[in-house]
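Remarks on the structure that follows.
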Amino acid sequence: MKRQQESTRDAATGPDGPRSAVVVNPVKQTDIDGLRRTVTDTLTAAGWPEPAWYTTTAEDPGQGQARQAIEAGAEVVFVCGGDGTVMSCVGALAGTEVAMAILPSGTGNLLAANLGLSNDLAAGLEVALERGRRQIDVGVCEDQIFAVMAGMGFDAQMLAATSETTKARVGWPAYIVGAMRHLRDRPMRVSIRIDNQPPLRRRARTVLVANVGRLQGGVRLLADAEPDDGLLDVAVLTPRTLNHWLSLGWAVVRRRDRVPRMEVLRGRRVTITSNRAQPRELDGDVISPGRALRVTVRPAALWLCVPQPATEPDLAVDAEAAAERGERRVEEGRGEVGHGE
């Protein structure tokens with residue numbers, strides 16, 4: 001069932017723009033002052049009040065700051081940081097009427113990739129200013145809430161094997177280096193239970209429980225995954241040889257309808273149990289290893305700023321055009337500020 005959408009491009013150009021806040025991870029930024037000038041100038045030129053700013057800390061990677069923003073009356077919270085920052089803010093914003101907007105940072109993150117934003121600050125601002133809003137589902141794993149996907153096995157191994165230094169230097173292709181280190185690892189024996197159905201037993205390299213379908217770099221693994229259908233898509237990947245991996249990867253890149261060595265399931269509650277402890281991840285952020293991964297869906301829990309049109313299954317529709325409009329808007333904002341001075 002489709003959830004609520006709002007799509008009002010240009011509605012934010014008047015004098016009564018919504019109150020907003022920015023939650024920023026300073027570790028991911030090389031020029032905080034420049035970021036603040038660009039964001040503030042662009043928003044004020046579009047008729048929005050100057051945003052409040054909150055900085056994350058090692059002790060609180062974003063949830064507390066997002067809650068402060070909500071309590072202060074923010075209607076839109078911009079999140080500027082990596083996967084951990086975004087997921088922390090999702091935990092605070094889920095279940096509220098406050099919308100989350102992504103400002104891509106550093107090597108980007110999984111949610112930004114699913115919005116088609118890459119590492120484009122101007123596009124992130126434009127998406128929020130055009131007020132495309134979509135009420136999406138979220139996943140719950142243990143006591144954590146995520147927006148994109150949870151995973152057990154190879155995907156988490158790949159993330160753990162990719163250094164922050166390499167990501168900062170080469171961007172998302174750094175994950176390929178991490179992946180190469182684990183292509184020949186032995187599969188795990190898993191039991192997969194979907195809702196109240198009998199468990200399925202598989203020898204898998206990785207199992208992903210996804211709300212949307214894109215991986216790092218914007219690669220779309222699950223073409224039919226929709227963020228607001230009240231269901232989770234479960235991808236069971238079973239490659240055993242290098243040729244299996246190549247065939248799987250080629251089919252994904254070519255957007256084939258059928259991907260070899262990948263089985264797709266769907267449900268509201270998913271329990272994956274392995275014969276031994278496995279690496280695990282949520283929204284691209286590695287969590288503690290474990291033998292089980294239990295995920296449930298919370299339908300229509302998060303208001304998200306999305307490119308237009310907001311009703312498409314793919315959240316990244318219109319992202320490129322939004323980036324072009326955003327560049328023009330940022331330039332106009334800087335020009336107005338310079339002229340006023």
Side-chain angles (χ1 to χ4, degrees), residues 1-3 87 90-91 94 110-111 114 135-159 187-215 219-240 244 248 251-252 256-302 313-315:
M1 179 177 64
K2 293 296 181 186
R3 305 296 170 184
M87 190 171 65
V90 167
L110 272 176
L111 190 52
N114 277 277
Q135 197 173 21
I136 68 168
D137 308 329
V138 297
V140 181
C141 178
E142 298 171 358
D143 60 345
Q144 293 183 278
I145 297 174
F146 65 91
V148 181
M149 65 181 62
M152 172 185 275
F154 171 78
D155 63 307
Q157 288 176 319
M158 173 191 71
L159 294 169
M188 55 186 180
R189 296 180 182 272
V190 294
S191 169
I192 304 169
R193 188 178 182 91
I194 308 291
D195 297 330
N196 294 322
Q197 300 174 23
L200 304 173
R201 302 190 186 281
R202 299 288 187 269
R203 286 174 58 85
R205 288 302 317 279
T206 193
V207 182
L208 298 170
V209 183
N211 186 39
V212 290
R214 280 186 167 85
L215 305 176
V219 176
R220 198 171 186 192
L221 179 69
L222 292 159
D224 295 328
E226 296 188 24
D228 52 6
D229 59 1
L231 297 171
L232 297 164
D233 287 57
V234 183
V236 185
L237 276 61
T238 59
R240 297 185 183 180
H244 289 168
L248 188 157
V252 170
R256 299 279 170 80
D257 292 334
R258 183 181 175 279
V259 178
R261 298 287 169 173
M262 184 175 82
E263 179 181 8
V264 180
L265 311 166
R266 205 168 270 118
R268 293 175 175 82
R269 297 187 309 277
V270 182
T271 300
I272 306 157
T273 307
S274 173
N275 61 325
R276 62 184 187 275
Q278 299 290 341
R280 304 182 302 165
E281 58 92 5
L282 298 178
D283 277 4
D285 209 31
V286 177
I287 62 174
S288 61
R291 288 191 58 212
L293 188 70
R294 298 180 180 87
V295 182
T296 58
V297 67
R298 277 182 60 185
L302 178 69
D314 185 1
L315 292 176

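Starting from 1, each residue takes its place in the sequence as its number.
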Test of understanding: with salt bridge (Lys or Arg N to Asp or Glu O under 4.0 Å), list the residues that count as partners of [X], not counting sequence neighbours.
| X | result |
| --- | --- |
| D283 | none |
| R220 | D314 |
| R269 | none |

Report the residues that fulfil side chain to side chain donor-acceptor pair (under 3.5 Å) with [X], sequence neighbours left out, ordered by chain and then residue number.
| X | answer |
| --- | --- |
| E281 | none |
| R240 | none |
| T273 | none |

Any chance you could measure [X], atom [atom1], to [Y], atom [atom2], to the nearest 0.5 Å?
| X | Y | atom1 | atom2 | value |
| --- | --- | --- | --- | --- |
| D233 | L208 | CG | CG | 11.0 Å |
| L159 | L282 | CG | CG | 10.5 Å |
| L200 | L265 | CG | CG | 6.0 Å |
| L111 | I136 | CG | CD1 | 6.5 Å |
| D224 | D257 | CG | CG | 8.5 Å |

So, for [X] and [Y], which heavy atoms are closest and what is the spacing to 0.1 Å?
| X | Y | answer |
| --- | --- | --- |
| A204 | V236 | CB-CG1, 3.9 Å |
| L110 | G284 | CD1-N, 3.3 Å |
| R258 | A251 | O-CB, 4.0 Å |
| A225 | G213 | CB-N, 4.0 Å |
| C141 | V295 | CB-CG2, 4.3 Å |
| G230 | V297 | O-CG1, 3.4 Å |

Please, which pairs that meet ring-ring contact (aromatic ring centres under 6.0 Å, His included) have at least one residue in residues 135-156, sequence neighbours excluded?
->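 Every ring-ring contact (aromatic ring centres under 6.0 Å, His included) pair that includes a residue of residues 135-156, provided the two are not neighbours, is F154-W245.
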
Please report the C-alpha distance between V270 and V207 in whole Å, then the side-chain angles of each, then the deciding distance to 0.1 Å, and finally whether the side-chain contact (heavy atoms from CB on, under 4.5 Å) criterion is met.
-> CA-CA 11 Å; V270 182; V207 182; 6.0 Å; no

The criterion is side chain to side chain contact (heavy atoms under 4.5 Å, CB included); which residues satisfy it with [X], sequence neighbours excluded?
| X | result |
| --- | --- |
| Q197 | I194 |
| L231 | D229, R266, R268 |
| S274 | M152, M188, V190, R276, Q278 |

Quick check: are there more than 12 heavy atoms from other residues, nucleotides or ligands sitting under 6.0 Å from CZ of R256?
-> yes

Walk me through it: do L215 and V252 pass the test side-chain contact (heavy atoms from CB on, under 4.5 Å)?
-> CA-CA 11 Å; L215 305 176; V252 170; 6.0 Å; no

Summary of salt bridge (Lys or Arg N to Asp or Glu O under 4.0 Å) pairs that have at least one residue in residues 139-156, sequence neighbours excluded |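 For residues 139-156: E142-R280.
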
Selection residues 193-205 - residue pairs positive for salt bridge (Lys or Arg N to Asp or Glu O under 4.0 Å), sequence neighbours left out = R202-E263

Should N211 and V138 count as side-chain neighbours, where that means a heavy-atom distance under 4.5 Å?
-> no

